[in-house]
Amino acid sequence: FIEDVSGALLPVPVRILNLIKDQDRPNLNYDSSVWSRQQKDISDDVLVRRFTLCDSMSGRGGSSANSFLDSSQLPVVFRWAAHMLIDVSVRPDEGQIYVPVLSIAYAEKKTANLGDGDLTHVSFKAEYSMDASGYWTVMLIFFCLVCAATLFLTILRMYLISCRYPSIPLIVPGGDLNLFLPRLVLQVQVLLSTGLTLLFWFHWLMSMYWLVVFKAQDAPFMLLPS
């Protein structure tokens with residue numbers, strides 16, 4: 001359970017990732033593609049209220065369907081919660097969170113393969129998520145403006161270099177090298193310096209935005225995504 005602001009206890013839904021229904025796993029809500037990790041529809045998820053960390057009763061041997069109730073039967077399979085994840089999502093523009101969802105992936109092993117002192121590894125993680133579509137839209141527009149400003153300033157500075165660059169190479173007596181770098185080298189230097197300068201301030205402003213807004217909020221309007 002989770003306690004809300006009024007002191008009431010709300011049940012936390014549990015998503016069993018190993019669950020099979022109609023020859024399908026409805027609780028696996030992520031694309032199997034390596035390159036695309038887009039979340040699928042969660043409307044068909046099967047949620048429960050209870051879970052167990054360790055289970056040996058359901059793995060008892062026997063021929064009947066109620067063999068797990070027979071205490072004389074020894075467990076054949078031992079199951080445990082191998083991976084647990086609590087998912088917290090923010091309600092858009094409300095300064096509140098949805099009821100967290102606990103996802104569990106169970107592992108199992110035959111008792112015949114277990115020995116005294118056997119150890120296993122389990123994991124527990126907490127993930128925070130929010131709808132950042134509006135932020136990314138503003139960020140994309142701002143980034144395009146920065147790129148446009150970079151292009152404009154670069155063209156302007158290249159034009160000034162082209163106008164000021166001497167048309168006759170200046171060579172000092174004695175055969176020393178030119179006093180000026182080649183025009184192309186100066187233009188490339190201008191391109192890099194202008195782009196790096198504007199991109200630095202772009203990243204600085206984005207970092208300060210997250211720092212100030214995230215630290216100054218007194219309600220969960222923004223979470224750092226996991």
Side-chain angles (χ1 to χ4, degrees), residues 1-133 220-226:
F1 293 88
I2 184 175
E3 183 179 358
D4 64 3
V5 292
S6 64
L9 295 179
L10 302 177
V12 175
V14 179
R15 180 189 293 118
I16 308 298
L17 301 179
N18 306 75
L19 184 140
I20 299 177
K21 180 181 180 181
D22 298 332
Q23 304 299 320
D24 192 17
R25 297 183 182 270
N27 289 346
L28 294 179
N29 298 320
Y30 292 93
D31 191 1
S32 59
S33 173
V34 175
W35 303 106
S36 177
R37 304 297 294 177
Q38 300 295 329
Q39 189 170 6
K40 292 183 178 179
D41 186 16
I42 61 175
S43 60
D44 60 344
D45 282 6
V46 179
L47 304 177
V48 296
R49 291 190 178 184
R50 293 177 175 86
F51 66 95
T52 179
L53 293 178
C54 301
D55 177 24
S56 60
M57 291 185 59
S58 63
R60 287 176 176 175
S63 56
S64 65
N66 296 326
S67 295
F68 68 95
L69 299 176
D70 187 0
S71 59
S72 64
Q73 297 287 345
L74 296 178
V76 178
V77 176
F78 179 74
R79 298 181 178 90
W80 69 94
H83 305 284
M84 305 178 67
L85 182 143
I86 189 76
D87 186 13
V88 181
S89 301
V90 176
R91 292 185 178 181
D93 303 326
E94 293 186 15
Q96 298 178 348
I97 63 173
Y98 292 107
V99 176
V101 179
L102 177 62
S103 299
I104 302 177
Y106 284 94
E108 63 180 31
K109 195 171 186 179
K110 293 183 178 181
T111 55
N113 299 328
L114 293 175
D116 296 338
D118 285 353
L119 299 177
T120 185
H121 296 280
V122 298
S123 65
F124 179 82
K125 297 197 317 181
E127 290 191 352
Y128 304 91
S129 60
M130 57 176 288
D131 183 12
S133 58
F221 287 99
M222 179 181 293
L223 296 178
L224 289 179
S226 302

Engineer: For Lys125, enumerate each residue passing the salt bridge (charged side-chain N to carboxylate O under 4.0 Å, His left out) test, keeping only those at least two apart in sequence or located in another chain.
Structural biologist: Glu127
Engineer: Between Ser129 and Asp87, is any pair of side-chain heavy atoms under 4.5 Å apart?
Structural biologist: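 Answer yes - side chains close enough.
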Engineer: Rounded to the nearest 0.5 Å, what separation is found between the CD1 atom of Ile86 and the CD1 atom of Ile2?
Structural biologist: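 So the CD1 of Ile86 and the CD1 of Ile2 are separated by 7.5 Å.
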Engineer: Could you tell me whether the side chain of Thr111 and the main chain of Val76 form a donor-acceptor pair under 3.5 Å?
Structural biologist: yes
Engineer: Report yes if some heavy atom in the side chain of Thr52 is under 4.5 Å from a heavy atom in the side chain of Arg79; otherwise report no.
Structural biologist: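 Side-chain contact under 4.5 Å: no.
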Engineer: So which atom in Val99 and which in Pro13 form the shortest heavy-atom distance, rounded to 0.1 Å?
Structural biologist: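 Nearest pair, atom of Val99 first, then Pro13: CG1-CD, 3.6 Å.
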Engineer: Distance check, rounded to the nearest 0.5 Å: Thr120 atom OG1 versus Lys109 atom NZ?
Structural biologist: 7.5 Å
Engineer: Arg91: what forms a salt bridge (charged side-chain N to carboxylate O under 4.0 Å, His left out) with it, not counting sequence neighbours?
Structural biologist: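 Listed in chain order: Glu94.
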Engineer: Would you say Asp22 has more than 12 foreign heavy atoms packed within less than 6.0 Å of its CG?
Structural biologist: no
Engineer: Nearest heavy-atom pair of Ser103 and Arg15: which atoms, and what distance?
Structural biologist: OG-NH1, 2.9 Å
Engineer: Say you draw a straight line from OH of Tyr98 to CD of Gln96; how long is it, rounded to the nearest 0.5 Å?
Structural biologist: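 Rounded to the nearest 0.5 Å, the OH-CD separation comes out at 10.0 Å.
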Engineer: Do you know which two heavy atoms are closest between Ala81 and Val122, and how far apart they sit?
Structural biologist: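 Heavy atoms only, the tightest pair is O-CG1, 3.6 Å.
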Engineer: As an exercise, state the distance from CG of Asp55 to CH2 of Trp80, rounded to the nearest 0.5 Å.
Structural biologist: 11.5 Å
Engineer: Taking all non-hydrogen atoms of both residues, which atom of Ala107 and which atom of Ala82 are closest, and how far apart?
Structural biologist: CB-CB, 3.8 Å
Engineer: Roughly how far, to the nearest 0.5 Å, is CG of Asp44 from CZ of Arg25?
Structural biologist: 14.0 Å
Engineer: Ignoring hydrogens and geometry, is there a side-chain-to-backbone donor-acceptor pair from Asn18 to Tyr106 under 3.5 Å?
Structural biologist: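 Yes; at least one donor-acceptor contact below 3.5 Å.
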Engineer: Working to the nearest 0.5 angstrom, can you tell me the gap between Ile104 CD1 and Leu17 CG?
Structural biologist: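 Interatomic distance, Ile104 CD1 to Leu17 CG, rounded to 0.5 Å: 8.5 Å.
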Engineer: So do the side chains of Val90 and Tyr128 get within less than 4.5 Å of each other, counting heavy atoms only?
Structural biologist: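 Val90 vs Tyr128: side chains apart.
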Engineer: For Asp45 and Asn27, work out which heavy atoms get closest and say how close.
Structural biologist: CA-OD1, 3.4 Å
